[in-house]
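First comes the structure, then the notes that go with it.
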Amino acid sequence: MSRRDLVPVGLLAIVLFVGSRLSARFLDAPYLLDTLNLYVEAGLLATGMTFVIVCGEIDLSVASTTVLVACVVSKFLGPETNPVVLVAMSVAIGSLLGLVNGALVTIGRVPSFLATLATMATYRGVAQAWLGPFSAKWPVMKGLDRAHLGNSPVPWPPVIWLLVAGAAGLVLHRTVFGRQVAAVGTNAIASRFSGLPVERTQLAVFALSGAMAGLAAVFLGSRLGVVRHDLGRGLELDAITAVVVGGTSILGGQGSMAGTVAALLLVAAAKTAMGVAGVKPEVQVTVVGVLLVLAVLAGNMAGLARRKAPTQA
Amino acid sequence: MLRTLIVAGAIVGILAAGCGPAPADKPTSETPGGAGSKLRIVFVPKSAGNPYFAEVSKGLEKAAKELGATVETQAPTTADATSQVTTIKDAVQRGCDLLVISANAPDTLNDVLDEARKKGVTVVTVDSDITGNETHRDASVLPVDQEKVGPALVESLASLTGSEGEFAILSAATDAPNQNKWIAGMKETLKNPKYSKLKLVDTVYGDDEMQKSTTEMEALLTKYPNLRAVVSPTSVGMGAAAQVLETSGRYPGGPKANGTGIVLTGLATPNQLKKAVEKGVVTKFHLWSPAEMGEIAAHLGSMLHSKKVTADVGKTFDVPGMGTKTFVDKGVVYVGPLTTFDKSNIANFDF
Amino acid sequence: MSSLTARGLTVAYGGVEVLGSVDLDLRPGELRAIVGENGAGKSSLAKACSGVVRPVAGVIEIDGQARFFANPREALDAGVCLVHQEPLGFDDLSVGENVCAGAWPRKSGGIDWKQVHNQAAACLQRIQFDIDTRRRLASLSAAERQAVELAHGLARGARVWFFDETSAALTPTESARLFAVMRQLAAEGCAVGFVTHHLQEVVEHADVITVLRDGKLVGVLDKGSFTQADLVKLMVGRSVELDSPSAHKPGETVLRVRLLCVPGAVQDVSFEVKAGEVVALAGLVGAGRTDVAQAVCGLSRYRGEVEVCGQDVRRRSAAARWREGLALVPEDRQHQGLLLPLSICTNATLASLGTFSKVGWLDNIGIRSATVEKGKELGLVYQSPDQEVRLLSGGNQQKVALAKALLAKPKLLVLDEPTRGVDIGAKYDVHTLVRQLADQGVAILMVSSDLPEVMALAHRIVVMRKGTVAAEFAHQDATPEKIIAAASGGDSALAS
Amino acid sequence: MTVLVVVAATARDPRFLSPQTLDSVLLWLPVLLVVALGQMPVIVTKGIDISVGSTVGLVAFSVGLIGKVNPSLPVPVLFASGLALGALLGSLNAVLVAIAKVPPVVTTIGTLTAFRGMAFLVAQGKQIDTNNVATALTDLGRNGVHLGPITVNWLLWLAFIPGALLAWVLARSAIGRTVYAVGGNPVAAALRGMDVKRILFSVYIWSGACAGLAGVLYLGRYGFVSAASAGVNLELNAIAAVVVGGVPVSGGSGSVLGVLAGCVLLAVVNVGLSVLGIAADWQLLAYGAVVMAALLVDAVGRRAKESSVVAA
């Protein structure tokens, strides 16, 4: 059992402590909760990405998928709409785009890194060709246009993300599907020889990742009120960073949803703490990059110490 | 499952522990700067690493010294529509009275700006406004009367080409509002019969990236063998265009000029083109003073913040050393006329 | 005097000692067999002597000088070479480069290509192989790759040789050739040690035998001083006998294969397997037996008919075939059979997750208890059901693979080389299990290169040669000679 | 594939096939080519270096700054410092990948961000403009060898140096053959006594050094460096070029000529999109589609090859 997902939790505690030393205005619950809103999209993408990476693949197209879904949906739905329709449509289109990635990987046999590199450009390209230089108004969701749960300072998007991530964690760790994802990620050949539906599992994780990207589009759209083709650039790297810092092996097979969530909170806390302390964004970027490498390094060192046994045993 | 619980517990625990002492110095209660306290100005440019905004910053600092205020520049690392949101939120939380911002997109900042204003922050946009969403900011300081840029560029073009021949425009991104406004202005001006022999053949977009702008400029030379001129109302575009003309030798008097050569004009920061002007690749180009823009923004913001002035059409205010400025429609203030840079004066500027 | 002397060698993986204070002497001109059950520490001994793993204690002396090998390169430099079971090599490099790999002759900064090819050709010729050294390694046959492996050792000037189950994947002819080469090396003054499971080979070729059990040295025997039965007893601590198949009570036809063609490998193969029947596919390596097994399991494209329980399964995926009662234990445990970094539980129940879940939710308690139960049935030795499979010995790994197939409750079990690389004790367990399953009415299709095993288990034997069925025998009509004759096209003189 | 694109483009607009276009392509090539050449051996060893785009940006800015502060420095010194700085940054990746055993994707995503941040820190809000760049350097892109109506610029010749070096090393030298061996079968390479660690270390340093050189070429080509945009997304283009050029991501094989072909394809596509006047809003889509088509053609080719191997 991997304990690597405890690394981000430890780091998170340190960041929160250091953050509170840097600025008295950092540990302010309503503010922190509010800031968390900004990381919901990355969080959803990371949730889907965890499945993809555990399955031994990677999906670089998620941010582009989010943007394309947002553009398509905002073109099709009126200024006001039923939230259920909106979410269903976004998730459906996202899944479809994810399935295209999956088909390229399973049927086209293009390595996922390249397939999704190509769709990353293509999806955003379609969005740009479609919307052109203009913004599209995002439909207002009737009944869900308030940003907070009741009268509490708790904003609903992060809560929904945590619920989705929790459910996704259960799926990953406690269901047949999750077991199949881990098996395929560990060794696709042996999985096929054991009668697991390898291609279907791969298709499913890409569809799932696309679905999460679709859901992220809902949050992105409702947060900004408008959507454009150039939103969310680099969000895929944030998602991958969270997954990897969270202790999921980039080689596939082993992963933890809790780790992903903790790592995303870690990145959010670190950026916010630095932002409030007046650290320049360019320094923040450097620190987050270093943090990524350090977190994995720390996990590696712990892992190395734990098992020195060579694989040929 | 157990692990999930441990992790969740740890997070909740830390948050709870951290939030404990927070009410003691509840930040929101002290955010609105009292009349006696120092005015805190935060400037959020489009992105980091752009000397144009460094000039704006300089102007802000100069004014701040006069006002006894503090200035801090927080530039997002990428110039996209969402990156400014985080920067603004953090700045407001840290404490800020006057937010000066150059918006990357006209319509993605509405919520975060409203939130800031609710907390007593005065919001002034500089250089690019949130066009169509003016109610979400207090005032705007823009370089020059937008309507005057187009005609000025056409006039500059006409004086360089003798009012005839094919020309093309090399712009920044397809959705840059200023650029599009100026281009529209140029097209309008071209309808004047005195420019009937000037023919706009193409408008291309270099996204303010050196590589893309260069490729587009080179493509223009290929596509239009009879091209007489290029207008680029953006620094990176002009820099790239000058570079391409020099490389290909097709500037007026260049080795491959094919007659009169291709002239280039537009809007750019002077440093970018010093060499090109010295070599004769570029004869003249234009820009306003970004520093003055910053200076006005600081003074205006401070007056708005202390309610000494309101941003209504026709209202006027004085900026020390720059005379009286007048609000035009929608709380907009213009800095002044374009400055023309050429061989005679370019050495005097450094930005 | 000894070429290699090891004293008190101890090897541990992850704190578990697999080799405890073992001594070994390899003398020039001598072939020494290293035998023992899987997990006895044979391979670890060979690896520790050749720098592949680092011993935690002990001394190694080469020609009387104490040496410490931090990695295989230092061992090679000292003249110690380990030949692996699966030939190593670089598919995209030429034969010449492979032979000289790691010590390419240099000339003025670059590689001296003339020298590379000359040296490689010379080394290959020394072992009577004539291969164009400019060919890509990928284009070579298994035996030729093995020759390249040997030539590599020669090129590095090895004087102490270890062969780690090198003959396991070879046909009898090829394996005879290999032992001839070993003998030649010994005659040239090298010291040779070989690890094997084939006791026949030990009796025939070894001059001295080192016997290990549970990581300890249990005996050193000289040629002619023992019988095969003595050896087995010493290895497993009990006597084991190989039997003949159980009484034949054939039921309905479970598997019918008609005119099966796998492009490039199999032509028009037809046979049947009935419930309660063990059918063996015999033949030489490369005859297409594994291709038939994989086609039956839906793992490769084929033409022709495969019927399971009367239904044509052409359109069914491998997964669907498993669900309909077809289970496979593949030849290559490490890559095809098991998920090495995952737990025993996960592996054992991988093919039967439907049974251990309710509407998609895993029943972890059921999974655990089923694993423990099946493990007990198969005599699986392990510390915890959550233990990673990669830490188990070969025999125990094979038992996990079998458990996975059995938990899927198969009607037809396809076993591809079920006892390859498995020790005597585990082999006996597997044979007992196959008999029990047949008695319970499971149809079994078994691919095996081990003739005694085929004779001991199969009710019918289908012999393949060059992708076609060469002969089919009922158990009572079959003899090893007939099988070999059919498999090799009448060339039974080379049979071992 | 490249031929197809050229034919299609020319059919659409005959002006595409002009010396001017060719000059553009040749000027577009050097930076991408050098980065791709750096990337190639990394991919051959089953690794990946995503940090190169930021390395190019950081080196371009730093060298620009060095040139700005000491305008009298000769151009070779600028190249040397670019190479050295690139190799230094590459060695950071090398240490993390080869010694600390952090997976290459993670390492280089981390350094991608970190190097970009460092570029901002070095820049301090400034940019390098033509004003600050030695004319001798920018002239490398303006002059070259004239072959009829075409000018093969000096930058491209400079890019051919690492190309020739790499081609020779990979095909002829022990270290090059070991790179293929390590990529083809790392376990076997270790057991054959090859120093896998040293090879991994070397390829990441090589990749860094190439990115460093590309940074100086960038400076020479554009004479303008902004910390925010120099080299952004270059890594994706380089990886695409390498893979389109026939180097499998599974490692073990590939040729320098293939990489050159991949780079030419991308250069032609990029220049072509502008020359053909594809509307700005459609260019990204067209680009993605072409890359996707190249990958699919590659995948189909691979499949055909695999089935023929089985049949053999």
Side-chain angles (χ1 to χ4, degrees), chain A residues 1 3 5-6 8-10 12-13 16-17 19-20 23-32 34-35 38 128 132-135 137 147 162 166 169-170 173-174 220 223-226 228-234 256-259 261-262 265 271-272 274-278 280-282 284-285, chain B residues 1 3-8 10-11 13-28 31 42 47-49 72-83 85-87 89-95 104-112 115 132 173-177 180 205:
Chain A
M1 272 293 197
R3 291 274 132 194
D5 50 359
L6 292 180
V9 179
L12 179 61
L16 289 172
F17 178 75
S20 65
S23 166
R25 293 163 189 273
F26 172 61
L27 285 180
D28 169 12
Y31 167 65
L32 284 180
D34 189 40
T35 315
L38 304 179
Q128 189 178 2
F134 309 106
S135 305
K137 273 251 175 285
L162 286 172
L170 289 177
H173 299 300
R174 299 296 302 274
L220 186 69
R223 174 158 75 82
L224 296 173
V226 291
R228 304 150 53 81
H229 71 80
D230 61 351
L231 293 177
R233 284 238 162 96
S256 147
M257 191 61 73
V261 172
L265 293 174
K271 279 195 176 172
T272 309
M274 287 188 284
V276 174
K280 298 259 181 225
E282 51 261 42
Q284 295 182 21
V285 166
Chain B
M1 197 61 228
R3 269 183 304 165
T4 320
L5 284 176
I6 296 173
V7 172
I11 294 162
I14 293 161
L15 277 178
C19 296
D25 55 351
K26 196 96 177 145
T28 39
T31 303
V42 173
S47 73
E72 197 186 328
T73 304
Q74 287 286 338
T77 49
T78 51
D80 67 52
T82 38
S83 56
V85 174
T86 322
T87 315
K89 278 204 173 186
D90 292 339
V92 170
Q93 174 72 7
R94 191 166 58 255
N104 274 326
D107 42 19
T108 49
L109 299 174
N110 298 352
D111 278 357
V112 67
E115 220 173 274
T174 53
D175 52 355
N180 289 341
Y205 300 88

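All figures in this text were calculated on a predicted structure; none of them were measured in a lab.
Interface remark: of the candidates B:Asn110, B:Thr73, B:Thr78, B:Leu109, B:Thr73 forms the most heavy-atom pairs closer than 4.5 Å to chain A. Interface check for chain B: of the options A:Arg223, A:Lys137, A:Lys271, A:Met257, the most heavy-atom pairs under 4.5 Å are formed by A:Arg223. Interface remark: of the candidates A:Glu282, A:His229, A:Lys280, A:Lys280 forms the most heavy-atom pairs closer than 4.5 Å to chain B.
For A:Arg25 (side chain) and B:Gly95 (main-chain N/O), no donor-acceptor pair under 3.5 Å exists by modelled atom type.
Closest approach of B:Glu72 and A:Gly278 over heavy atoms only: OE2-CA, 3.9 Å. Nearest heavy atoms, B:Ala75 versus A:Pro281: O-CG, 3.0 Å. Across A:Val276 and B:Asp90, no two heavy atoms sit closer than the pair N-CB, 4.1 Å.
Contact annotation for A:Val285: only side-chain heavy atoms (C-beta onward) come within less than 4.5 Å of a heavy atom of chain B. Heavy atoms of B:Asp111 lying under 4.5 Å from chain A belong exclusively to its side chain.
The distance from the OH atom of A:Tyr31 to the CZ atom of B:Arg94 is 8.5 Å, given to the nearest 0.5 Å. In this structure, the separation between CG on B:Asp107 and CG on A:Leu224 is 9.0 Å, given to the nearest 0.5 Å. The line from CD of A:Gln284 to OG1 of B:Thr77 is 8.5 Å long, rounded to the nearest 0.5 Å. If you take NZ on B:Lys89 and CG on A:Leu38, they are separated by 4.5 Å, rounding to the nearest 0.5 Å. Atom CG of A:Asp34 and atom CD of B:Gln93 lie 9.0 Å apart (nearest 0.5 Å).
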Side chain to side chain contact (heavy atoms under 4.5 Å, CB included) assessment of A:Arg233 paired with B:Thr82: CA-CA 9 Å; A:Arg233 284 238 162 96; B:Thr82 38; over 6 Å; no
